Amino acid sequence: MANNDDQPAIIEEKIVRVNGEVAIRQYSKGRFLGKGGFARCYEFASMETRKLTAAKIVPKASLTKSRAKQKLMTEIKIHRSLHHPNIVGFEHFFEDSENVYILLELCTNQTMNELLRRRKRLTELEVQCYLSQVISALSYLHGHRVIHRDLKLGNFFLSDKMEIKIGDFGLATKLEFDGEKKRTICGTPNYIAPEVLDGKQGHSYEVDIWSLGVVAYTLLVGKPPFETSDVKTTYRRIRMNAYSFPENVPLSEASKNLVTRILVTDPTKRPTLTEILAHEFFNQGNTIPKTLPPSTLACPPAASYLRQ
Ligand SMILES: CC[C@@H]1C(=O)N(C)c2cncnc2N1C1CCCC1
């Protein structure tokens with residue numbers, strides 16, 4: 001249902017020019033895309049440019065506590081500063097009396113969550129291809145002192161060309177100086193690193209490397225390494241580093257070795273992104289031509305996935 005709530009189908013943005021002139025920019029609200037936190041998300045079309053975006057509509061009523069407002073402003077400040085082919089494009093944001101509107105790059109093939117649900121698990125060549133796009137985006141983020149802190153399949157959006165676009169910077173943080181350690185993390189990140197759970201020595205970029213290891217395991221095996229039916233048990237398994245590769249899944253030694261090298265409790269012992277890309281897993285037999293940057297390569301379409 002395109003418009004299943006009481007909001008109008010045309011959204012107006014009031015623009016006050018520097019010379020005091022008032023202009024109105026109109027958007028037509030289309031297909032309901034789903035809920036994301038407090039936001040209801042819709043496909044938007046600019047009436048002026050016809051450009052399609054994915055709009056996060058955040059009711060101001062949900063921002064009464066200053067923390068929620070501050071978190072949203074931080075998310076916008078960080079996301080709008082980022083420009084990379086494997087990071088969701090930040091188009092525009094504005095507010096009216098009721099809501100804050102965040103217009104983002106539309107990704108018509110949902111997220112890696114849905115893809116994995118259909119496929120059960122991916123081939124090692126696909127994992128190489130998708131992971132190299134994530135690593136390309138991560139090295140851009142870390143190069144700009146941004147830690148995402150909530151990397152998970154549900155935040156890996158897929159464009160119409162099946163390129164990965166990392167989204168949802170709701171838990172991201174920007175370090176002000178090299179060596180800075182972050183202490184608190186709010187929200188419920190899915191693939192939380194042990195040092196965040198432990199909370200003693202603070203955390204940094206290595207938490208994203210840990211999540212990358214969890215993502216790699218999940219794509220190769222079909223389910224997350226520490227998943228249990230109860231959060232407390234999952235957290236205990238993370239702290240104990242208690243995971244294994246199921247016998248019934250045929251995995252190359254290289255892929256198991258890569259995951260094992262990344263999922264280490266001590267953050268200082270985890271490989272850097274450069275070391276990960278140099279790992280045998282990315283350079284074994286059926287390799288993607290090194291000449292092309294990963295982001296220009298759409299991953300080999302898996303016939304079964306394309307068969308809806
Ligand atoms: C707009 C929110 C979110 C998103 O961040 N992007 C980039 C996105 C881009 N394209 C489609 N959907 C997107 N979503 C979905 C909407 C419902 C839950 C997550």
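Whatever order the structure lists ligands and atoms in, that order sets their numbers, starting from 1. Note that the coordinates shown come from a computational prediction; the quantities given were computed from them, not determined experimentally.
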How about F226 and W210: are their ring centres within less than 6.0 Å of each other?
yes

Taking all non-hydrogen atoms of both residues into account, name the closest pair between Q201 and P267 and its distance.
NE2-CG, 4.2 Å

Charged N-O contact under 4.0 Å between K60 and E95:
yes

Test of ring centre spacing under 6.0 Å for F94 and Y27
yes

Return the protein residues near ligand 1 (heavy atom under 4.0 Å from any of its atoms), ordered by chain and residue number.
L33, G34, K35, C41, A54, K56, V88, L104, E105, L106, C107, F157

Any chance you could lay out the side chain to side chain donor-acceptor pair (under 3.5 Å) test for H84 and S136, step after step, and finish with the verdict?
CA-CA 9 Å; H84 185 278; S136 173; 3.1 Å; yes

Whether the side chain of D208 engages the backbone of R149 through a donor-acceptor N/O pair (distance < 3.5 Å, no angle test) should be reported.
yes

